[in-house]
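Read the numbers this way: they start at 1 and go in the same order the structure lists the ligands and their atoms. These values consider heavy atoms only, across backbone and side chains, with no hydrogens, waters or symmetry-generated copies.
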Amino acid sequence: MIDPRSLDDYRAHGGYKGLARALSLGSDAILTEVTASGLRGRGGAGFPTGIKWKTVAQAKADRKFIVCNADEGDSGTFADRMIMEGDPFLVIEGMTIAGLTVGATKGYIYIRSEYPHAVEAMNAAIAAARRGGYLGDKIGGSTTSFDLEVRVGAGAYVCGEETSLLESLEGRRGIVRAKPPLPAHHGLFGKPTVINNVLSFAAIPFILAEGAKAYADFGMGRSRGTMPIQLAGNIRYGGLFETAFGVTLGELVDDIGGGTFTGRPVRAVQVGGPLGAYFPRALFDTPFDYEAFAARDGLIGHGGIVVFDDSVDMRRQARFAMEFCAVESCGKCTPCRIGSTRGVETIEKIMRGERVNENIALVEDLCNTMKFGSLCALGGFTPYPVLSALKHFREDFASLATTLQAAE
Ligand SMILES: Cc1cc2nc3c(=O)[nH]c(=O)nc-3n(C[C@H](O)[C@H](O)[C@H](O)COP(=O)(O)O)c2cc1C
Ligand code: SF4
C-alpha cells in the first residue's frame, strides 16, 4: 500500500501518528501502553517488550542504545525483509518511539548481508526521515534527538543471537556473551541497550496510535496481538499471512497454505526455524500461541512454518539439525561445539543401521546434555528438532534398523 521511498505516503497512511501520541504521553505512559498491549518479542524468545524497555528506561547511564535485530536467519522466514523493503518507516518510527521512551539517542539496524534490497530501502528511508525532521535533532518538532544507522552482518546465524550481534556491531567476531549482565543493563559498548526484532518494533506505532487495547484485543492467552506467519517449504500457497494468535497449525497449513505444492500428503511441519520442533499431523490442532507450542515441546519462534510431504526422511532432518548446529556454533561452549558433531556422527550410525537402539539412546542422552548445558539457544534448542523427529516419526529411525539388526 505504501511507497517505501516516500515519507509523505507513509504519513498519508497514518504514519507517525504513533510517534505524535508518544511525544504527548512521555516515557512512563508509553511504557504503560506497551506493557498493556501484551506485545512479546517476535525474534523468537517471546519476552515481554514492555518489561525490557522499562529495565533500560530505569538504568542510569550517560548513553543508551536501541538496536534492531534484522539478522533474520531462521529457515522459511522473510517477514522482517518484507517490512524493511515494503514499509521501512514503520521500523524507524518504532525504534524512534523506543529511543524516546528509554532515553536513547542513537540506534542501529543490524541487517543480514543476504538482504541488499532491505539495506538499500532502510538507508533511503533513514535519509528521507532525516530530511523530514523525523530523525536527527528535535524529532517531530520536540526537544528529543534520535538518529539511526544501518550495519550489515556477514552471514553467521549465531549473529542473530542478541549478545553475539552486539559483539559483531562492536566490530568483533560474533561470539555469544554470558548473561547476566543483560543487554538491558550492559549492552552495546557496555551501555544499557534495547534490542528487539524488526517485527517487535513494527508493532509499536499501531499500539501507540490506536492504544494498547486495540492491539491486545487480538490473540489468545498470553499471546496478544497479531503475528505475521510465514508459510514456506513444500506448500501450495506460500507467503506471509498476518493473523491473530490462536489460529491452529492445521488451519495455517491446510486452509491458508492449501497443503503441499507437490499435492502429496503433508507429513511434517517445522515451526520456528532450524531450532524448532517437527510437528506431525496429529498435532495440527495446536493453536498458534507461545504457551501451547511450548506445552508440546515446540516453539513458534519468528513465525516460520516449513512444510514437508510424505517423501521426507526424518532421520536426515534430525541429522541436518545437528549439522546446522555444528556449522553455525560460535564455539564458546562444549555441549554445542562438540556435542553437535558427535550428534551428526551418531545419527549417521543410525542411518547405516549400526546398533540402532543404543545409538538412539545415545542421541537422546546427548540432546539432554545440549539442552541443559549450552550457553545459548543454538546449542540449547537444537535438541528440539532432533527429539521431535525421534518422538513423532520413530518409524523412520526404526525401519531400516530393525531389518539390519535382525540380520546381525
Ligand atoms: C542462535 C540464535 C539466533 C537468533 N537469531 C535471531 C534473529 O535472526 N532475529 C531476531 O530478531 N532474534 C534472533 N534471536 C533472538 C535474539 O537473541 C533476541 O532474543 C531478540 O533479538 C530479542 O528481540 P525481541 O524481544 O524483539 O524478540 C536468535 C537467538 C539465537 C539463540
Ligand atoms: S550454545 Fe553454541 S552458539 Fe551458543 S554460546 Fe554455546 S557454542 Fe556458542
Exercise. Considering only non-hydrogen protein atoms, determine which one is nearest to atom 27 (O) of ligand 1 and report residue, atom name and distance to 0.1 Å.
Key: Gly43 N, 2.7 Å
Quiz item: Is the shortest heavy-atom distance from the side chain of Lys106 to the side chain of Ile66 under 4.5 Å?
Solution: no
Quiz item: What protein heavy atom sits nearest atom 19 (O) of ligand 1, and how far away is it?
Solution: Glu162 OE1, 4.0 Å
Self-check item: For Ser200, the ligand 1 atoms whose distance to one of its heavy atoms is below 4.0 Å
Solution: 24 (P), 26 (O)
Quiz item: What residue and heavy atom of the protein are closest to atom 15 (C) of ligand 1, and at what distance?
Solution: Gly160 O, 4.0 Å
Quiz prompt | Neighbour count above 12 (heavy atom, 6.0 Å) for Phe284 CZ | solution = yes
Practice problem: Decide whether Ser329 and Arg337 meet the rule of one side-chain donor and one side-chain acceptor closer than 3.5 Å. | Solution: no
Self-check item: Residues in the immediate environment of ligand 2 (any heavy atom closer than 4.0 angstrom)
Solution: Val158, Val176, Ser329, Cys330, Gly331, Lys332, Cys333, Cys336, Ser374, Leu375, Cys376, Leu378, Gly379
Quiz item: Can the ring centres of Tyr157 and Phe324 be said to be less than 6.0 Å apart?
Solution: yes
Quiz item: Knowing that exactly one of Lys391, Lys371, Arg394 qualifies, which makes a salt bridge (Lys or Arg N to Asp or Glu O under 4.0 Å) with Glu364?
Solution: Arg394
Self-check item: More than 12 heavy atoms from other groups under 6.0 Å of OH on Tyr237
Solution: no
Exercise. Identify the protein heavy atom lying closest to atom 8 (O) of ligand 1, giving its residue, its atom name and the separation to 0.1 Å.
Key: Glu72 N, 3.1 Å
Quiz item: For ligand 1, is there an N or O atom under 3.5 Å from any N or O atom of Leu378?
Solution: no
Quiz item: Does an N or O anywhere in Asn69 fall below 3.5 Å from an N or O of ligand 1?
Solution: yes
Self-check item: Nearest non-hydrogen protein atom, atom 2 (C) of ligand 1
Solution: Glu161 CB, 3.8 Å
Quiz item: Between the side chains of Glu93 and Tyr10, does any donor sit under 3.5 Å from an acceptor?
Solution: yes
Quiz prompt | Top protein contact for atom 11 (O) of ligand 1, by heavy-atom distance | solution = Asn197 ND2, 2.8 Å
Quiz item: Are any of the N or O atoms of Gly73 closer than 3.5 Å to those of ligand 1?
Solution: yes
Quiz item: Among Lys54, Arg21, Lys213, which residue meets the salt bridge (Lys or Arg N to Asp or Glu O under 4.0 Å) test with Glu33?
Solution: Arg21
Quiz item: Does Lys52 have a non-hydrogen atom less than 4.0 Å from ligand 1?
Solution: yes
Quiz item: Is it true that the NZ or CZ of Arg267 lies under 6.0 Å from the centre of Phe393's six-membered ring and within 45 degrees of the ring axis?
Solution: no
